[in-house]
Every structure is written in C-alpha cells, then in structure tokens.
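Just below is one structure, and these are the notes that go with it.
Order of the sequence lines sets the chain letters (A, B, ...), proteins ahead of strands, with each chain counted from 1.
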Amino acid sequence: MSKASLAAVGCVALVLAACGGGGRLSQKALQQEAKTVQSLAAEGGILAGDAARGRATKIFVREQAGFLHKAAASSVQKLERAGNAGALSALAARVRDELDRLSRSGGDGAQQRRLGLELTRAAHAAARLGKS
Amino acid sequence: MTESELDLGLGVLDHQLVDCNGRNCGNVDDLELTPLGDHGDSEVTEILAGGNAWRGRGWFGRLCAALSGDAVHVPWSEVAEVGAVVTLKRAAQELRLGLGDDRAARFVKRFPGA
Amino acid sequence: MKGFLQIALGILSAIGGFVDIGDLVFNTQAGATFGFQLLWVVVIGVFGIVVYSEMCGRVAAISQRPVFDLIRERVGFGAGFGTLIAAEVVNLMTCAAEVGGVAIVLQLLGGAPYRVLIVAGVVALMVITWTLPFEWIERLFGYFGLCLLVFAVAVIKLHPHWGSVAHGFVPSISSTNKLVFFYFAVGLLGAALTPYEVYFYSSGAVEDGWGVKDLRINKITSIVGYGLGGFLSFSLMIVAAVVFLPRGIDPQFLGTPAVGAMDAVGKYGLLLALVGMLFAVGGAAIETSFSGAYNLAQFFGWEWGKRRRPGGAPRFTIAWVVIFVLALGIVMTGYDPVKITEYSVIFSVVALPLTFLPILLVANDAAYMGRHRNGRFSNVVGIAYFVVILAVSLSAIPLMLLTHGGQG
C-alpha cells in the first residue's frame with residue numbers, strides 16, 4: 001500500500017472513530033436524560049391519576065399524553081443510539097409505551113389508574129438512576 | 001429661543017404631517033433650506049416627504065431612499081400650524097401626499113367590511 | 001357611576017390581557033425549577049410595566065400621539081429605524097409564538113390536527129380583528145382571559161407553605177445554579193416588560209380618544225390592572241412550585257400549566273385554565289400583530305388605527321394581515337412554539353433599552369407634556385428601571401447561551 005493510501009485509510013478510520021465515539025453520552029448528558037424521563041413519567045403519572053378520577057377530559061388526556069409520548073420516544077432514540085445508557089434506556093422505553101397506552105386509554109379508568117401508578121414508579125426509578 | 005423661533009431639528013423634523021381633514025399623510029423626512037443674504041441665515045422653503053428624502057438621514061436613510069421613488073416637495077407656505085404635528089392648509093391629495101394609502105385602499109376596499 | 005364602570009371595565013380588561021404565552025412559559029418553568037424563589041423578580045417586572053405604561057398612557061393622552069410616533073423624533077432617523085427593525089423582528093417572533101400557542105390550546109380542547117388548527121386559529125383571529133371594533137376586541141379577550149383566575153383558586157386549594165411563599169417575595173439569589181437563576185430572572189422581566197405591550201397600550205389610548213380628563217383612568221388602569229395581572233403570574237409560579245417541583249417535572253409543553261390547575265381544582269379547573277389560556281394567548285397574538293402594524297405606520301407617517309375601517313387605514317391593515325400570515329408561515333415550519341417563545345422573550349429583553357429610553361425622554365419633555373411631565377417619583381423610578389433594563393439587556397443572550405436556554 002502506498003503512503004498516500006495509508007494516510008487516506010487512517011483519516012477515514014479517524015473520522016469513523018469520531019462518529020462512533022460521538023454517539024456515547026457523557027455522565028452529565030445521561031443525568032440530563034434521566035431527568036427528562038423522570039419529568040415525562042411524573043407528568044404522565046399526574047395526568048393518568050387525574051384522568052382515572054374523572055378530573056380530565058378525554059381529549060386533553062389523549063393530546064397531552066401524546067405530546068409526552070412523542071418526547072419520550074425521542075429520548076429513547078437518543079439513549080439507544082448512545083449504547084451506554086443501560087437500565088435508563090429500558091426504563092425510557094417502558095415510559096414511552098405507557099404514555100402511548102395512556103393516550104389511547106379513552107375513558108378506561110381502571111387502566112388509567114394502573115398506568116398512573118406505573119408511571120409514578122417509573123419517575124422514582126428515573127430519579128434514582130439520575131443520582132447514581 | 002423666542003416664541004417666534006422654531007427648533008427645526010426637534011420641533012419640525014420627523015414630525016407627523018396631517019392634512020386639513022385630519023388625515024395622516026407622511027412625515028417631515030427632510031427640510032429644504034434656502035440661504036438668506038450673506039449673514040449665514042437660512043429659511044425653510046420646502047418640506048420633503050417620503051422617497052429619496054431619506055438619503056440625507058444616514059446609512060439606514062440611504063437604504064430606504066434607494067428602495068423608494070422621488071420625494072414629495074411641499075412648500076413651507078402650505079403649513080398651517082406647527083405643534084405636536086405639522087398641520088397643512090390643504091388636503092393630502094391636492095399636495096400629492098399619502099398616495100401610498102390611496103393605492104393600498106383600492107386593494108383593501110375589495111374585501112367585505114372594508 | 002358611568003366613570004366607575006369605565007374604570008372597572010378597563011381594569012378587568014388589563015388583568016385578563018396581562019398574561020401571554022411568555023408569562024405562561026417562564027412563570028411555570030421558574031416555579032418548577034426554583035420554587036417560590038423568583039416571586040420577587042415578578043414584582044419588579046410588574047412594577048416596571050406599571051410605571052412605563054402609566055408614562056405611555058400619559059404621553060398619549062396629553063400629546064395625542066402614541067409612543068412609537070415620537071421615537072423617531074427623539075432619537076433620530078437611524079436609531080429610530082434600528083428600533084423599528086428590532087421591534088418588528090420581536091413582534092413577529094412573539095406573534096408566531098402566540099399563534100402556535102392558540103393552535104396547541106385548541107388541540108388540547110378539541111383534538112383536531114395541529115396544522116389544521118394553526119390555519120383555523122389565524123383565520124379566526126384575522127376575522128375577529130377585521131370585523132370587531134377595537135373596544136370589543138379588548139373586552140372579549142380581556143374578560144375571557146380572566147378565566148386564568150382559576151390558577152389563583154388552585155393556589156388556595158393546594159395549601160402551599162405560606163411562609164415560604166412570603167419568603168419568595170424577599171429579594172435573594174439561589175445558592176445553587178446561579179446562572180440558570182439569572183436566566184429565569186431575565187426571562188421573567190422580559191415576559192413582564194414586553195415592548196409590544198407598551199406600544200399597544202399607548203396606541204390604544206389614542207384610539208380610545210384619551211385626553212387630560214382620562215389621566216386618572218390611565219393611572220388606575222396601569223396600577224390596578226397590571227398589578228392584579230401580575231397576581232396571575234404569581235399564581236402560575238406558585239402552582240408550578242407546589243405541583244411540579246417536588247416531582248421533578250420540567251414544563252416543556254404548553255398544556256403542562258393546565259395539568260397543575262386540573263390537579264388542584266379538577267375538570268372545571270382544567271377547562272377554565274385552557275379557555276383562559278386560549279383567550280390570553282389569542283389576545284396577545286392580536287396585540288402583537290397590531291403593535292407591529294402601529295410601529296410601521298407611525299414610523300412612516302401612514303394613516304393608522306382600528307377606529308378607522310380597514311379601507312380608511314389601508315397600509316396599516318395590510319401590515320397586520322401580513323404579520324399574521326408571516327407568523328402562520330413560521331409556525332407551519334413545525335418549530336415548537338414554546339421554544340419560539342423562549343427566544344422571543346430573550347430577544348425582546350435585548351431590545352428593551354431602545355423601547356424605554358424614548359418613553360422616559362418624551363414623558364419628561366415639557367414641550368410635549370406641559371405641566372403633566374414626569375414628577376420626581378416617576379423620574380427616579382423610571383431612571384432606576386432603565387439602569388436595570390440596560391444591565392438585563394446586556395446579559396440576556398450570554399445567559400441564554402451559557403445555560404442552554406435554562407437547562408443548565
């Protein structure tokens with residue numbers, strides 16, 4: 001292989017390493033994502049709990065849970081791409097799915113009550129992960 | 001400054017022009033001064049409104065002037081009163097002022113309720 | 001009796017019209033991040049808007065000219081044109097944020113697709129603006145904006161620790177995360193001291209035909225109206241502090257403040273909050289589009305005013321229509337209205353000195369104001385505020401960049 005070819009391969013390798021390494025999230029970034037997951041889960045928990053008690057309109061639950069779900073999905077994508085998020089990534093995926101179920105729960109009070117408890121638990125779990 | 005004197009910079013320039021019917025018809029964008037004799041005195045002969053009247057008003061003024069047509073020249077003799085606004089003796093249309101609003105009105109009045 | 005009614009109606013309209021999307025976003029986020037610690041900043045912001053709107057109203061009543069009309073005269077063509085450009089950019093961004101906010105609240109109320117609601121919302125606002133007289137627009141949006149008083153009810157029902165709430169009114173700086181604290185302080189001041197508010201208020205005073213006899217109404221409307229309007233801002237912050245902060249909720253969505261009202265008051269609380277938000281934000285959208293049109297018309301000397309039919313002030317009419325259409329275009333790009341709000345508030349803070357210095361100069365000018373020029377109190381307070389405004393405007397963008405928009 002000529003010197004020029006070796007140099008070109010070396011540059012490409014460096015670029016690829018930089019791109020691959022840039023996907024991993026720093027400790028601070030992981031803590032920030034944990035806070036985001038906690039926030040989305042906690043708000044979802046309030047929304048679900050109030051919906052179960054008949055304190056919310058179906059449309060509001062559907063639309064607001066929809067916004068929360070979309071944000072959670074974005075967080076899951078970021079964590080999965082990073083590859084070093086471990087338990088947080090799995091938790092975020094659970095929160096995303098529960099928010100999706102909440103947005104489609106309609107008037108099912110029992111499901112909303114259960115989702116409220118699950119989401120509140122997930123929020124506490126995210127808070128613990130954020131501190132570790 | 002005595003009662004009969006007028007501060008052109010603060011009291012006239014950039015003031016709103018209002019015609020005899022109370023219609024807003026531009027601003028005093030510049031003033032045309034004519035020298036009087038050899039003592040350095042000048043008198044205001046014209047008000048310039050709109051268009052390239054802005055070319056003497058700094059960089060932004062030159063930019064505005066470049067995007068506009070000719071200024072309207074209003075003889076100082078058409079001024080009825082100078083106060084918070086500069087009131088004119090005649091209607092805007094007679095002095096060729098406010099033509100932009102006249103053109104825009106033809107478009108806006110096509111819509112119901114205008 | 002008639003005078004009392006007029007004052008009462010004006011106050012109600014000012015209270016309901018005080019809150020816009022910037023107040024909703026910044027007060028809720030500040031409460032969710034720092035609890036009650038930033039309440040004192042809202043007091044400073046409200047006091048500032050009271051002082052400057054009183055000056056604007058007085059200038060309009062005595063000189064029969066609104067504030068922007070006088071800016072070019074006082075600071076010259078170049079600086080005046082710079083002020084105009086800055087004001088128009090901020091007005092447009094704010095209008096876009098408000099329009100986006102209207103669509104989101106309509107979606108939370110009715111559930112239709114967001115993009116459809118953006119168009120429907122803008123068309124509705126334009127039709128209302130085109131057809132209703134100025135006074136009706138003020139009253140409609142001001143009175144329905146009063147539904148936001150549900151947040152005050154929510155505060156009472158949440159039983160906050162009143163000692164801590166009272167402590168929040170004592171000026172102090174957070175010991176943790178000082179940069180983020182200052183960012184929110186700047187944002188809260190910017191949300192309270194919005195330039196479009198003073199331009200609209202002074203042009204509105206001329207539209208309503210205020211004269212010397214209305215100086216008392218001006219004072220009462222500014223002090224009581226905006227003062228009580230600030231009370232709504234406190235309520236938003238306290239609800240967020242009690243409901244969101246303990247749970248680590250970061251309010252990134254416009255519906256989140258309504259979740260707080262719902263949690264405290266129930267379904268009626270939710271509906272009143274959403275209706276109040278709709279009219280507060282919708283009213284602000286109209287105010288910003290009008291403010292932009294007033295500024296252009298007054299700078300170039302065009303005919304202006306809602307008191308004329310649209311055909312009687314045609315370039316003014318075209319201007320506010322164009323602003324709505326451009327705002328629609330910005331929101332249709334899909335950019336989050338809450339993010340647009342954060343940028344518009346911060347950029348309006350940067351433009352604040354250009355807005356408030358001419359007001360202070362003109363309100364002191366005996367040639368315009370005669371014996372109604374600023375007294376010693378107005379001058380001392382006005383100058384003190386101007387110093388604060390200058391410091392805040394210089395630090396706004398650095399703080400936004402250093403804190404990543406308040407995220408830390």
Side-chain angles (χ1 to χ4, degrees), chain A residues 26 28-29 31-72 74-75 95 99 102-104 106-107 109 112 116 119-131, chain C residues 28-29 32-33 103-114 117 154 157-158 177 180 239-240 242-275 277 334 336-339 403-408:
Chain A
S26 66
K28 192 176 174 200
Q31 280 170 342
Q32 189 57 47
E33 281 307 311
K35 275 191 190 162
T36 301
V37 173
Q38 178 193 354
S39 169
L40 296 170
E43 188 173 344
I46 299 178
L47 187 59
D50 282 344
R53 287 182 288 159
R55 293 159 74 88
T57 64
K58 283 185 203 161
I59 293 175
F60 184 76
V61 172
R62 186 183 76 217
E63 300 299 331
Q64 185 71 359
F67 292 135
L68 295 170
H69 164 253
K70 208 167 145 192
S74 171
S75 203
V95 167
L99 288 168
L102 178 60
S103 77
R104 290 185 283 117
Q112 286 162 350
L119 284 163
T120 305
R121 234 177 262 138
H124 292 315
R128 282 195 298 275
L129 283 172
K131 288 194 176 99
Chain C
T28 306
Q29 286 183 349
T33 312
I104 290 175
V105 178
L106 283 173
Q107 187 179 359
L108 292 168
L109 276 166
Y114 175 60
L117 290 170
K157 295 198 91 168
L158 285 168
N177 229 330
V180 177
V239 168
V242 176
V243 178
F244 304 139
L245 177 60
R247 294 173 169 98
I249 294 174
D250 176 21
Q252 291 298 318
F253 307 102
L254 194 55
T256 308
V259 170
M262 173 183 72
D263 200 46
V265 185
K267 193 183 271 187
Y268 289 110
L270 171 67
L271 290 169
L272 284 169
L274 289 173
V275 169
M277 283 162 66
D336 181 12
V338 172
K339 278 275 162 276
T403 64
H404 305 287
Q407 295 301 304

For this session: With Met262(C) as reference, evaluate Asp50(A), Val61(A), Thr57(A) under the side-chain contact (heavy atoms from CB on, under 4.5 Å) test and give the passing residue.
Result: Asp50(A)

Seminar exercise, completed: Bottom line for Leu108(C): the part with an atom under 4.5 Å from chain A's heavy atoms is both

For this session: Pick one of side chain, backbone, both or neither for Ala56(A), based on which atoms fall under 4.5 Å of a heavy atom in chain C.
Result: both

Exercise. Does Ser75(A) have any side chain to side chain donor-acceptor pair (under 3.5 Å) partners at least two apart in sequence or in another chain, and if so, which?
Worked result: Glu33(A)

Problem set entry | Positions in residues 38-46 of chain A that reach chain C, provided some heavy atom is under 4.5 Å away | Gln38(A), Ser39(A), Leu40(A), Ala42(A), Glu43(A), Ile46(A)

Exercise. Heavy-atom distance under 4.5 Å between the side chains of Phe253(C) and Lys70(A), does that happen here?
Worked result: no

For this session: Considering non-hydrogen atoms only, spot the tightest contact between Arg55(A) and Asp263(C) and give its length.
Result: NH2-O, 2.7 Å

Exercise. Given a strict heavy-atom distance threshold of 4.5 Å, which part of Ala261(C) is in contact with chain A: side chain, backbone, both, or neither?
Worked result: neither

Exercise. Is the number of heavy atoms from other residues, nucleotides or ligands within 6.0 Å of NZ (Lys58(A)) greater than 12?
Worked result: no

Exercise. What residue in Val259(C), Val243(C), Leu271(C), Thr256(C) has the most heavy-atom pairs under 4.5 Å with chain A?
Worked result: Thr256(C)

